[in-house]
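I have placed the structure first, in the form of structure tokens, so that the comments after it can refer back to it.
Because only heavy atoms are used, hydrogens play no part in the values below, and waters and symmetry mates are left out as well, while side chains stay in. Just so you know, residue 1 is the first one in the sequence shown, and it goes up from there. One-based numbering, in listed order, for ligands and for the atoms of each.
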Amino acid sequence: MKKKGNVVIIGAGRSGRGLHGEFCYKDGYLITFGDINAELIDQLNRQKQYLSFSENADGSGFDECVVSGYQAFHIHRDRPLYLQALAEADLIFTATFDDAFESIVQDIKDAIALRIKQDIHKQTALVVGANYIGLYDYFSKAFEQHLSAEEKKEYDRYYVLAESIIYRVSSFPTPQQKVRDLCSVQNDAFSCLQVNTAQIRKADQIVLPSFFVEEDDTLRFMHCKIWNVNTSHCSLAYLGQYYGYENVCDAANDDQISRMAYYAAEEAYQGLARRYGLPKVQDRETKLGLWAWYRDRTMKDTVIRVGNDPIRKLRRTDRFIGAALNALEYGILPVHICQNAAYGFYFHNEGDPRTDQLHEKIRTLGIEETIKAVCGLNPDSDAKDQLIYDLILAKYYDLAKTNPLDEYIQQG
Ligand SMILES: NC(=O)C1=CN([C@@H]2O[C@H](COP(=O)(O)OP(=O)(O)OC[C@H]3O[C@@H](n4cnc5c(N)ncnc54)[C@H](O)[C@@H]3O)[C@@H](O)[C@H]2O)C=CC1
Ligand SMILES: O=P(O)(O)OC[C@H]1O[C@](O)(CO)[C@@H](O)[C@@H]1O
């Protein structure tokens with residue numbers, strides 16, 4: 001079969017394999033994965049294929065796709081081969097967290113230098129994806145800053161930078177799926193990638209994937225996703241873990257937890273509605289769809305995955321504080337958003353360095369300074385920051401396992 005073109009997927013994790021990998025494979029592209037995790041790259045190469053499980057639209061089980069015919073490179077160990085693949089790519093996708101952005105910019109820079117050296121001049125679409133507000137601007141500014149004049153000329157002439165929204169959920173495989181394949185990934189039924197319309201239309205010399213859906217305002221979409229959907233999703237994860245659940249769907253079916261997540265989403269939506277002139281009452285179908293998806297027990301997405309990396313998720317621009325600040329901006333009191341954020345300071349995932357770091361901070365700085373540092377709040381100089389800080393701290397105290405009254409009495 002004639003292949004459509006060369007694709008490099010930077011980040012061979014859950015989305016890289018479950019969204020970009022599966023969809024590009026089905027579309028007939030030649031796939032190269034690039035990742036910093038040597039164990040994962042070696043396993044993908046040993047297996048030569050992996051299973052991508054996607055939930056059926058009717059929720060009755062999973063469809064299976066065997067993704068094969070790819071190559072997988074470690075971004076440092078296999079650098080010459082990796083850079084060659086990047087230099088020859090028609091399409092490059094990113095599917096990493098933001099701690100990889102700097103390294104991605106360096107890799108693209110090195111690939112551009114190689115293209116100049118080897119006289120490879122063709123259009124390449126760089127479709128960036130991450131739960132990150134300001135994704136396009138980040139990469140656009142980084143290339144502006146880090147490319148040499150010659151590299152910048154090549155970049156401006158041949159590269160098309162486009163922001164995408166990763167909406168499909170790609171999670172850890174269930175234990176049964178993992179037994180069949182260590183590299184398998186479990187996905188929901190969402191089957192497209194939203195890409196910024198004006199940006200991607202510049203890629204007029206490339207065969208674009210069939211799974212692209214144009215989205216006119218990706219920044220607005222990102223705000224509405226991260227400051228509303230992710231707010232309630234992550235609330236389910238933080239409250240879910242605190243009250244003893246392993247899976248998000250079980251937390252979403254709990255009466256008390258679902259209310260708290262629901263009210264947080266309502267506060268978040270009211271802020272967004274005012275910011276963007278959306279209807280005062282959120283569309284019923286959208287809300288019902290989201291909650292049906294949260295409560296559906298087919299896909300077992302864990303509270304650990306959805307809540308992991310609490311320092312990132314509790315930062316100023318992200319799903320709790322970003323949503324709370326936006327709500328306050330428009331006169332909405334974000335009580336539930338802040339209360340749910342407080343549960344995040346109890347989130348644990350022992351052995352995961354990013355989560356352990358949060359608890360180390362609480363141990364060394366105390367909860368008060370940790371909230372300020374992690375959430376980027378300045379309660380002493382800003383009234384909105386103070387309100388958010390007070391709400392989080394008060395709820396954190398409420399949730400503590402020790403009773404201050406007992407301690408007070410014991411002190412005599
Ligand atoms: N998995 C999901 O359901 C969704 C994920 N997202 C976003 O997609 C992005 C990726 O998420 P996941 O796939 O879930 O994470 P993941 O942790 O499964 O995959 C990320 C991969 O990037 C690799 N990586 C780290 N540094 C790298 C570097 N410098 N160069 C190349 N690879 C590097 C990691 O080794 C890992 O394999 C994140 O920004 C996430 O917020 C957004 C919506 C849904
Ligand atoms: O990928 P993050 O930012 O860690 O967030 C956890 C999850 O919540 C989602 O919104 C839906 O699962 C995804 O964006 C993400 O996988």
Relative to the heavy atoms of Ala130, which atoms of ligand 1 are at a distance of less than 4.0 Å?
-> 39 (O)

Does CD belonging to Glu368 count more than 12 external heavy atoms closer than 6.0 Å?
-> yes

Please report which non-hydrogen protein atom sits nearest to atom 11 (O) of ligand 1, along with the residue it belongs to and the distance in Å to one decimal place.
-> Phe97 CZ, 3.7 Å

Which protein non-hydrogen atom lies closest to atom 44 (C) of ligand 1, naming both residue and atom, and how far is it?
-> Arg168 O, 3.4 Å

Report the part of Ile166 in contact with ligand 1, treating N, CA, C, O as backbone and CB onward as side chain, heavy atoms under 4.0 Å; options are side chain, backbone, both, neither.
-> both

Just go through Arg312, His233, Arg319 and tell me whose heavy atom is the nearest to atom 4 (O) of ligand 2.
-> Arg312

Do you know which of Arg168, Glu64, Met299 makes side-chain contact (heavy atoms from CB on, under 4.5 Å) with Ser54?
-> Arg168

Salt bridge present between Glu369 and Lys372 (N-O < 4.0 angstrom) = yes

Close approach of Val306 to ligand 2, heavy atoms, under 4.0 angstrom = yes

Sidechain N-carboxylate O distance under 4.0 Å for Asp35, Arg17 | no

Please say whether Trp293 places an N or O atom under 3.5 Å from an N or O atom belonging to ligand 2.
-> no

Identify the closest protein heavy atom to atom 34 (C) of ligand 1: which residue and atom is it, and at what distance?
-> Asp35 OD1, 3.4 Å

Can you check whether Asn308's main-chain N or O pairs, donor with acceptor, with Lys313's side chain at less than 3.5 Å?
-> yes

With atoms numbered from 1 as shown, which atoms in ligand 1 lie under 4.0 angstrom from a non-hydrogen atom of Ile75?
-> 28 (C), 29 (N), 30 (N)

Using the six-membered ring wherever Trp is involved, compare the ring planes of Phe345 and Tyr396 and label them parallel, tilted or perpendicular (cut-offs 30° and 60°).
-> perpendicular

State whether the side chain of Glu267 and the backbone N or O of Ile337 hold a donor-acceptor pair below 3.5 Å, judged by distance alone.
-> yes

Proximal ligand 2 atoms for Lys313, defined as those under 4.0 Å from one of its heavy atoms = 2 (P), 3 (O), 4 (O), 5 (O), 6 (C)

Within less than 4.0 angstrom of ligand 2, does Phe97 place any heavy atom?
-> yes

Asn230 to ligand 2, any heavy atom closer than 4.0 Å | yes

Look at ligand 1 and say whether Gly129 reaches it with a heavy atom at a distance under 4.0 Å.
-> no

For atom 29 (N) of ligand 1, the closest protein heavy atom turns out to be Ser103 OG, 2.7 Å

Would Arg312 and Asp99 pass as an ion pair if we require N to O under 4.0 Å?
-> no

Counting from 1, what ligand 1 atoms have a heavy atom of Gly11 closer than 4.0 Å?
-> 22 (O), 32 (N)

For ligand 1, does Leu40 get within less than 4.0 Å through its side chain, its backbone, both, or neither, judged by non-hydrogen atoms?
-> side chain

Which ligand 2 atoms does Val169 reach within 4.0 Å, using its non-hydrogen atoms?
-> 11 (C), 12 (O)

Ligand-side contact atoms (ligand 2) for residue partner Asn131, heavy atom cut-off under 4.0 Å = 1 (O), 2 (P), 3 (O), 5 (O), 13 (C), 14 (O), 15 (C)

For the pair Phe101 and Tyr132, name the ring-plane relationship: parallel under 30°, tilted 30 to 60°, perpendicular over 60°.
-> perpendicular

So is Arg305 polar-close to ligand 2, meaning N/O to N/O under 3.5 Å?
-> yes

Tyr167-ligand 1 polar pair, N/O distance under 3.5 Å | no

Side chain, backbone, both or neither: the part of Ala95 lying under 4.0 Å from ligand 1 by heavy atom = backbone

Could you check atom 16 (P) of ligand 1 against the protein and tell me its nearest heavy-atom contact, residue, atom and distance included?
-> Arg14 NH2, 3.7 Å

Please report the C-alpha distance between Arg14 and Asp301 in whole Å, then the side-chain angles of each, then the deciding distance to 0.1 Å, and finally whether the salt bridge (Lys or Arg N to Asp or Glu O under 4.0 Å) criterion is met.
-> CA-CA 12 Å; Arg14 294 175 287 266; Asp301 201 0; over 6 Å; no

Answer yes if the side chains of Gln357 and Arg354 hold a donor-acceptor pair under 3.5 Å, and no otherwise.
-> no

Asp181 and Gln177 side chains, donor-acceptor separation under 3.5 Å = no

Proximal ligand 1 atoms for Ile10, defined as those under 4.0 Å from one of its heavy atoms | 31 (C)

Do any nitrogen or oxygen atoms of Ser15 lie less than 3.5 angstrom from nitrogen or oxygen atoms of ligand 1?
-> yes

Short N or O distance, Lys225 and ligand 2, threshold 3.5 Å exclusive | yes

Indicate yes or no: does Glu329 engage Arg275 in a salt bridge with an N to O separation below 4.0 Å.
-> no

Aromatic plane relationship, Phe139 with Phe143 - under 30° parallel, 30 to 60° tilted, over 60° perpendicular = tilted

May I ask you to decide if the ring planes of Tyr294 and His233 are parallel, tilted or perpendicular, using 30° and 60° as cut-offs?
-> parallel

Could you tell me whether the side chain of Arg115 and the main chain of Lys122 form a donor-acceptor pair under 3.5 Å?
-> yes

Indicate yes or no: does Asp107 engage Arg79 in a salt bridge with an N to O separation below 4.0 Å.
-> yes

Determine the interplanar angle of the His336 and Tyr263 rings, folded into 0 to 90°, and report it as parallel if under 30°, tilted if 30 to 60°, perpendicular if over 60°.
-> tilted

Which residue from Asn37, Val185, Ile36 reaches closest to atom 24 (N) of ligand 1 through any of its heavy atoms?
-> Ile36

What about Arg312: any of its N or O atoms under 3.5 Å from an N or O on ligand 1?
-> no

Short list, please: which atoms of ligand 1 are under 4.0 Å from a heavy atom of Ser170?
-> 1 (N), 2 (C), 3 (O)

min-distance protein heavy atom vs atom 9 (C) of ligand 1 -> Thr96 O, 3.4 Å

Part of Arg305 within contact of ligand 1 (heavy atoms, under 4.0 Å) | side chain

The option among Asn131, Asn308, Asp99 carrying the non-hydrogen atom nearest to atom 7 (C) of ligand 1 is Asn131

Is any side-chain N of the basic residue among Lys152 and Asp156 closer than 4.0 Å to the acidic one's carboxylate O?
-> yes

Atoms of ligand 1 less than 4.0 Å from Ala100 heavy atoms?
-> 26 (N), 27 (C), 28 (C), 29 (N)

Can you pull out the closest protein heavy atom to atom 19 (O) of ligand 1? Residue, atom name and distance to 0.1 Å, please.
-> Gly13 CA, 3.2 Å

Under 4.0 Å from ligand 2, counting heavy atoms only, is it the side chain of Arg14, its backbone, both or neither?
-> neither

